[in-house]
Each structure stands twice: as structure tokens, then as C-alpha cells.
Amino acid sequence: MTQEKIIETLLDFIVADDERAIVGSTTSNEVFNEIALELYRYQFSFNDPFRHFSSQRGRTPRTVKSWQDIPLVPINAFKKLCLSCCRPDDAPYLFTTSGTTETGVKGKSYHSSLDVYDASMTRGFKEFFIADRDSIEMSVLYPSEEVMPNSSLAHYFSLAIKNFGTPQSAYVMNHEGIDFEALFERLNEAEVNKEPHALLGASYSYIPLLEEMRAREISFSLPAGSRLFDTGGFKTKSNAPTLDDFYTDISRAFGVPRDMCINMYGMTELSTQFYDQGNVVCPSVKFGPHWIKTRVVNPVTGRELPQGERGVLAHCDLAHFNIVTSILTEDAGIATADGFKLLGRADGNDARGCSMAVEEFLNAAQT
Amino acid sequence: MIERGGYLPGLSVDEVEWQALYFDGVGSKFEIQVPLLSEDQVRTLTTSVRNAARTKLKAMPVAQIIEIIDCAINRLLDRNDPYRKKCEEILPLVTGYDAEMIRLGLTGYLKTFRKPELQKFLVEDFANPTILDDFQPVPKGGYARAYGPDLLTHIWSGNVPGLPIWSMISGLLVKAGNIGKVPSAEPLFAGWFAEAIAAVAPEISDCFAVVWWKGGNTRLESILLEGSEAVLAYGGNDALKSMRDRTPITTRFLAYGHKVGFGMISKDALDIQKGKLNAHKAAYDVMRYDQHGCYSPHVFFVERGGKVSPREFAEYLAHELDVFESKYPRRSLSDGDLNNIAAWRNEEEIKSFDDPAGGLIGSAGKSWSVAFVDHTERLSPSSLNRTIKVVAVDALAEVVPLIAPYKTTLQTVGISASPDQLFNLSNSLALSGVTRVSALGCMTKPEAGWHHDGRFNLLDLVTLTEIEQSAIDGADTLATFVD
């Protein structure tokens with residue numbers, strides 16, 4: 001299959017606006033499987049490191065019979081291998097991870113086209129965040145795409161504003177951080193005009209914002225229909241609020257009920273995002289659209305775990321067609337009947353003796 | 001019965017608030033109560049332990065302290081003793097380590113603290129141990145007496161059962177008042193040891209205490225650090241730095257950071273018979289406490305040119321680990337542990353794309369992972385829990401530059417080589433920061449009196465008071481018998 005044909009097939013599958021598209025329906029599952037296998041063959045042919053990886057795991061187009069058989073590429077491999085079906089130099093778009101986990105090395109996703117990414121983002125965002133509306137006034141607590149050209153999240157927010165933001169929507173973060181004056185003025189106006197407002201940002205962006213609001217002793221009571229969006233969660237353990245405290249705090253600070261505080265779970269290594277239906281209860285259940293499927297697996301064996309058992313999330317995202325569809329994350333989770341609970345990053349430092357952790361070891365090196 | 005951690009002389013159970021810690025036992029959750037001390041309670045403990053040690057322990061001859069420790073250790077070695085029974089029953093639930101491994105490990109470890117071994121411990125650091133009791137003549141002239149600190153604080157870390165008593169015994173031998181803070185990962189053993197000492201010698205039962213707080217509670221920790229004359233701290237470098245920054249400049253701060261060990265196997269040790277035996281011993285070192293010890297191996301450097309090739313050695317090692325799995329199963333792992341193993345395996349797998357002879361040995365479903373690397377590679381820590389790498393080298397001397405950047409992180413090296421090679425290698429390893437060389441199979445069992453991280457267990461704790469010859473000469477002029 002050619003890339004053009006793949007893009008066409010995917011766009012068709014993503015925008016499919018009938019019962020087929022409903023998660024879990026038999027037809028959509030069959031189509032999902034067909035496309036996943038088609039993409040696997042495509043990636044096996046054109047993505048050299050992936051072919052090597054897959055063969056090493058004893059998986060070839062001959063032995064891969066269903067999407068579950070596609071070998072899971074660990075996200076760490078995005079740092080070490082150049083995973084792309086087109087020549088990386090020919091890829092017009094490159095998204096990289098922030099590179100915080102390993103000294104300086106960033107995970108890379110090369111995109112030969114963003115048509116599918118954009119369609120995937122737009123459909124998911126509409127269904128899970130915009131929902132009943134056509135548009136909403138947005139304030140984005142994140143730098144613009146021009147400032148961060150290799151950030152998938154910056155691109156994501158630009159699509160959000162472009163497709164669903166009212167003309168008054170704006171970025172309220174610049175090089176120096178959050179522009180508090182501008183933001184508070186916008187929120188005040190929303191209150192006065194009784195216009196629903198959406199505040200969007202990385203989870204950690206809310207922390208300095210809450211601090212500033214506490215210091216100024218201000219809070220808002222945004223009109224009904226307003227919503228809050230956060231993503232990324234909190235990676236470091238110390239000083240990080242519990243999710244429950246976090247949603248209580250932002251809900252109170254902006255007068256937005258917790259069922260309208262939506263968390264998005266996405267990653268550079270995917271072209272599709274997951275959402276919850278608010279955070280009345282934490283951890284919330286996350287849902288994805290019909291072109292992505294998630295399993296909870298044992299990360300060492302890749303074996304799928306039964307519903308309710310804690311493991312690591314593995315995703316098969318058809319929209320990530322130029323790279324690999326099936327990835328193994330380092331995020332802990334539990335499968336539920338129709339989605340999964342995200343339990344945060346699982347790091348193994350909870351029980352450790354006096355032997356040294358890799359990071360500490362590298363830091364101790366005298367070069 | 002609810003098991004309580006800590007040992008708090010002078011505080012009754014009702015005076016203390018308790019918090020439950022839960023551990024995933026086999027089939028059920030196991031609960032331990034740990035004390036939630038108030039700032040005042042910590043302050044009171046530091047004062048009372050310091051005062052008790054000053055009046056009671058300081059007056060006790062070191063030989064008598066040895067007798068007391070010997071008695072307590074013998075109780076812990078006696079399989080019918082209630083404390084020993086608790087160790088065997090509860091420590092596997094708390095740490096997740098295999099029960100039989102703990103039982104054998106404890107016996108092997110505890111027996112290094114019986115009277116004869118404690119005497120060795122003393123003479124390793126003091127030519128004349130009675131210098132701890134009274135002024136003794138010293139070679140330079142005059143007399144000297146060694147004093148331990150009035151209050152010695154121990155901040156323990158990790159989950160390897162028993163390790164805290166190493167420093168606590170050191171503290172007792174120098175007659176220090178001891179307060180130890182246990183880690184959440186294993187909050188029990190130190191308290192039991194304290195109780196056993198108190199049972200043997202009630203007269204010194206208030207000269208030590210064992211406390212707990214959640215790691216990172218700098219408020220309580222600072223009270224203890226500020227009240228101490230010396231601090232023995234174990235943990236990661238970041239945690240150690242934070243503690244050191246909160247310790248008064250006048251307090252001696254002795255840090256024991258996390259360490260990395262490795263093994264070296266010469267081609268002389270790689271004929272068919274010795275190769276297999278060495279693989280068995282190497283696997284034993286990996287299996288013990290699932291590599292959580294500072295002395296545990298993470299990489300074995302294997303010399304090419306023997307009858308058994310490095311690759312074959314790696315396969316033997318995999319086989320031996322497989323055999324150990326049925327005898328001493330690996331501890332149950334958290335998501336994070338599994339993630340670390342997955343990440344380690346994936347990295348080795350990806351690296352092997354450029355190293356056709358290398359790669360992982362055995363399937364992902366095993367409880368161990370062996371990676372073989374057929375080219376020179378720097379030392380790196382494993383992901384623990386029985387993940388080990390075998391790196392082939394043309395000559396063991398090549399290893400020295402591979403470890404050189406990590407001087408501050410090194411500790412134990414297990415070596416199987418000829419006598420000449422052993423001493424030659426040890427010279428270069430010593431210069432690279434290695435402080436302990438053992439045989440394969442003994443890496444996790446340091447001998448009695450071992451200088452932990454190359455330091456003096458006891459000497460580092462004491463302060464000498466010297467009476468110079470001039471004072472004695474001067475005194476002589478004032479003696480009653482002077483004409």
C-alpha cells in the first residue's frame with residue numbers, strides 16, 4: 001500500500017460518522033484489525049529498525065495474524081532507533097519528547113504528513129472535550145507552536161484554537177511564563193459576559209497559577225459550560241499534589257465543577273489522545289476513539305493482563321502510521337470494561353536496597 | 001497480633017501515635033504499625049538516650065558490651081527463639097525476599113557478630129581495644145583514651161534485612177548512645193535487635209532507640225541530626241546531601257552512598273569444570289537479595305581465550321540462575337520493578353542489533369535476565385532483581401578504564417583469577433575506587449571486621465583524648481613520693 005492510500009484509508013476510518021465508529025462494535029473491530037495489519041506490513045517493509053526489532057521478536061507479516069500480535073515497541077526505543085517509514089530527512093514534521101528521563105536524549109516521532117494526526121486530534125478533541133458545543137473561548141497555558149516547533153502538545157493546542165476556539169481565544173503563556181494580568185482579565189470578562197470559557201494547559205502549569213491566585217487572594221466563578229483541561233500529570237513525586245487535591249484546588253479556584261475538569265492523556269509517541277469524562281473520582285477512567293486500542297500488559301513478557309489487574313499500558317494507534325502503531329509505555333494502569341485507569345508513571349525506586357540507581361550512577365561519573 | 005516497628009525506651013505504647021504500613025504478603029496484606037513521633041518526643045528521646053549512654057554505657061567495659069551483643073546475637077541465631085521466629089516469618093512478607101534465602105542469609109550474617117568475630121572487629125581498628133575503657137600507652141609517648149559520641153544517629157535505608165545492626169553494633173562497641181531511623185522498606189529488624197539487647201542487658205535498655213518517620217520528613221530528622229555528635233547515614237546521594245546540609249558543622253557526618261559491584265573472571269578460571277563452578281558462584285551472588293546489596297554484582301567481565309568462551313559462560317550463568325529460581329524464587333515485583341527490567345531488556349535487545357553475537361539469553365518469561373555483550377562496554381548498573389550482563393574482554397586489565405569514571409560509586413569486585421593476576425588487578429582496581437575484593441560466591445558475604453566502603457567502622461566514630469608525656473612528667477614532679 002502506498003502512503004497516499006494509507007492516509008486516505010485512515011482519514012476515512014477516523015471521520016467515519018456512523019455506528020461503525022463506535023468503540024467496540026464488531027464492524028469497527030474488524031476494520032481496525034485489517035488496517036492495523038496493513039500498517040504493520042507497511043511499517044515492516046519501510047521502517048528498517050522496526051523490521052529488525054520485529055524479526056528479533058520472531059514476528060513477521062507471516063506470523064502476525066491480528067493487531068495483538070504486532071510487537072510492542074518500548075517508548076525508550078524512540079530515543080535509540082530512528083523509527084520512520086520515510087527517510088527522516090524527508091519528514092517535514094518532527095515531534096520530540098522533552099528529554100527529561102535520560103540525559104539529553106529525546107524520543108523522536110517523524111511525521112511524513114500531519115493530515116492524519118490533525119484529523120485524529122480534531123475528532124477526539126471534539127468528541128471528548130468540546131462535546132455539545134461548536135466552539136468555545138480558550139485561554140491556553142502553553143507556549144505557541146512558533147515557540148516550540150517540535151512539541152506535539154504545542155501543535156495540539158494550535159489545532160484546538162484553530163478548529164474550536166472563538167476569535168477571542170489566546171495563548172496566555174510567553175517566554176517569561178504565564179501572563180497573569182492578561183489571563184485574569186480574560187477570566188474576569190468571561191464572568192461578566194457569562195460566556196463559557198475553556199482554560200487549557202499542562203497539569204504543572206496550573207501549579208504556579210494557583211500559587212499566584214492564592215497570593216492575590218482571588219478566585220473565579222466561571223459561567224456554566226466552562227471547562228478546564230490539563231495534561232501530563234505530575235511526574236516528580238516530591239511536592240506534587242495528589243490528583244484528588246489537584247482537582248479540588250482547580251475546581252474551587254475557577255468555579256468549574258470537577259466533572260468539567262477533563263484530563264487528556266497523550267504522548268509524543270502517539271498521534272491520538274485519550275480523555276476522561278471529568279475527575280469527580282480519581283483516578284478517572286480514560287477513553288480513546290475507535291482508531292486506538294489499549295491493553296494492560298506485563299511489561300517484561302508483553303502478556304495481556306485481565307481486567308482489574310495492575311500492569312503497564314500498551315497502545316495500538318493506527319494514526320501513528322509513519323512510525324509504529326503499537327507501543328509499550330512506562331505508565332501503570334488498570335483495564336476497565338470500556339477504558340482504563342491511568343495510575344501514573346511506574347518507576348521502580350519504591351523498593352531498592354543500597355545498590356545504585358542508573359540515573360544516580362550516571363550523575364556520579366567523573367568525565 | 002499487630003507487629004510494631006521501632007524501639008522507644010521511656011515511651012509507652014499509649015503515649016505514641018501509630019501509623020499502619022502495608023506490605024503485600026503472599027495472598028494477603030500484612031500490616032505493621034510504626035510510631036508517628038511528635039517533635040517533643042524526638043527531642044526527649046535524644047536527650048534521654050544521650051544521658052543514659054553517658055552514665056551507663058560509657059562506664060561499661062567493652063568486653064562486657066561484647067558479651068551482651070554476643071548473647072543477643074545468639075538469641076537471633078537460635079531458631080527456637082521468639083525473635084528469630086519473627087525474623088523468619090515476617091521479614092519475607094515485608095521485603096518480598098524468599099523465606100529460605102532470608103533464613104540462610106540472616107544466619108550467615110549474624111554469625112559474623114558473635115564474640116570472637118566482635119573481638120576481630122575491635123582489633124581491626126584498635127591495636128589495644130581497652131583504649132575504649134581507660135587511658136592506654138600509645139607508641140608516640142603519653143596515653144590516650146578513645147570515646148564514642150554521646151549520641152550517634154543512624155539513618156538507615158534499603159530493604160536488605162539485618163544491615164542496620166552493622167552500624168548499631170559499631171555504635172555500641174564505642175559506647176555511643178544510638179538512635180537509628182529505620183526505612184519504610186524494612187522497618188522491623190533493627191527494633192527487634194534493640195529489644196533483644198535490652199532483654200539481655202536491661203541496665204542499658206535506655207541507651208538506644210529505634211525510630212521511624214516517612215522518608216523526607218526533614219523536620220523530625222533535623223531535630224535528631226542537630227542533637228547528634230555523629231551521624232551515620234545510608235542512602236542515595238541526593239538524600240545524603242540533604243541530610244548533610246542539615247547537620248551542624250560540629251557533628252561528624254559519615255555518609256555511605258549507594259554502590260555498584262561487579263565480577264571479573266579470568267581465562268584460567270574457565271575450563272569446563274571451573275567455568276561451570278564459577279557460573280554457579282556468580283549466579284549465587286546475583287540471586288542473593290536479588291542484587292539489592294551495595295556489594296551485589298551488576299556486570300561480569302569475562303576474559304576471552306579460556307576453554308569456556310564468555311558467551312558460553314553467560315549461558316552457564318543463565319542456567320544456574322534458572323536453577324536458583326526454583327530453590328530461591330525471586331521476590332515479587334512492583335510495576336516499577338517490572339518496568340525497569342523491561343526497559344533494561346529492551347535496551348540490551350536494541351543494542352544487540354549492532355552486536356550479532358550479543359543479546360539476551362533466555363525468554364522474557366523467566367525470573368532472571370542475562371545479556372551478553374561481545375564488545376568492550378563500560379560498567380553500568382543492572383535493573384536489579386536478577387538482571388545481569390556478561391561483557392567479553394580480551395584481557396581483564398582492559399576492565400580498569402571501563403570502570404574508571406565511576407570511582408565514587410564502586411565497592412565490591414568478585415574475582416576469579418590466579419594469585420599474580422589477583423594482586424595485579426587489585427592494585428589497579430584499588431586506584432579506581434574499589435574497596436573490597438572477594439571470591440565469586442562471596443560478594444554478598446563480607447567477612448567479619450570488613451572495612452565498609454574502605455572506612456574504619458569504629459575508628460571513624462571515636463575521638464581520642466591524649467595525655468601528653470609533658471603532662472605526665474609534670475605530674476610526676478607533684479607526686480606525694482617526690483623527695
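Each chain gets a letter, A, B and so on, in the order its sequence line appears, and its residues count up from 1.
- L328(A) and N346(B) make their closest contact through CD2-ND2, 4.3 Å (heavy atoms, listed as atom of the first residue, atom of the second, distance).
- The shortest distance between side-chain heavy atoms of Q56(A) and S352(B) falls below 4.5 Å.
- Within 6.0 Å of CG in D244(A) there are more than 12 heavy atoms belonging to other residues, nucleotides or ligands.
- Within 6.0 Å of NZ in K286(A) there are more than 12 heavy atoms belonging to other residues, nucleotides or ligands.
- The shortest side-chain heavy-atom distance between K351(B) and K80(A) does not fall under the 4.5 Å cut-off.
- Remark: the backbone N or O of A343(B) is not paired with any side-chain donor or acceptor of N76(A) at under 3.5 angstrom.
- Applying the 6.0 Å contact sphere to NZ of K366(B) captures no more than 12 heavy atoms from other residues, nucleotides or ligands.
- Both the backbone and the side chain of L379(B) come within contact range of chain A, each with at least one heavy atom under 4.5 Å from a heavy atom of that chain.
- The two atoms that bring A364(B) and T301(A) nearest to each other are O-CG2, 3.6 Å, heavy atoms only.
- In this structure, CG in N339(B) is found 7.0 Å from OG1 in T329(A), a value given to the nearest 0.5 Å.
- Residue R244(B) places its CZ atom among 12 or fewer non-hydrogen atoms of other residues, nucleotides or ligands, all under 6.0 Å distant.
- Using a 4.5 Å cut-off between heavy atoms, L338(B) touches chain A through backbone and side chain atoms alike.
- Residues P299(A) and A342(B) come closest through the heavy atom pair O-CB, 3.4 Å.
- Put simply, of G311(A), A77(A), P74(A), the one with the most heavy-atom pairs under 4.5 Å next to chain B is P74(A).
- Residue Q411(B): no heavy atom, backbone or side chain, is found under 4.5 Å from chain A.
- For F353(B), the parts lying under 4.5 angstrom from a heavy atom of chain A are both the backbone and the side chain.
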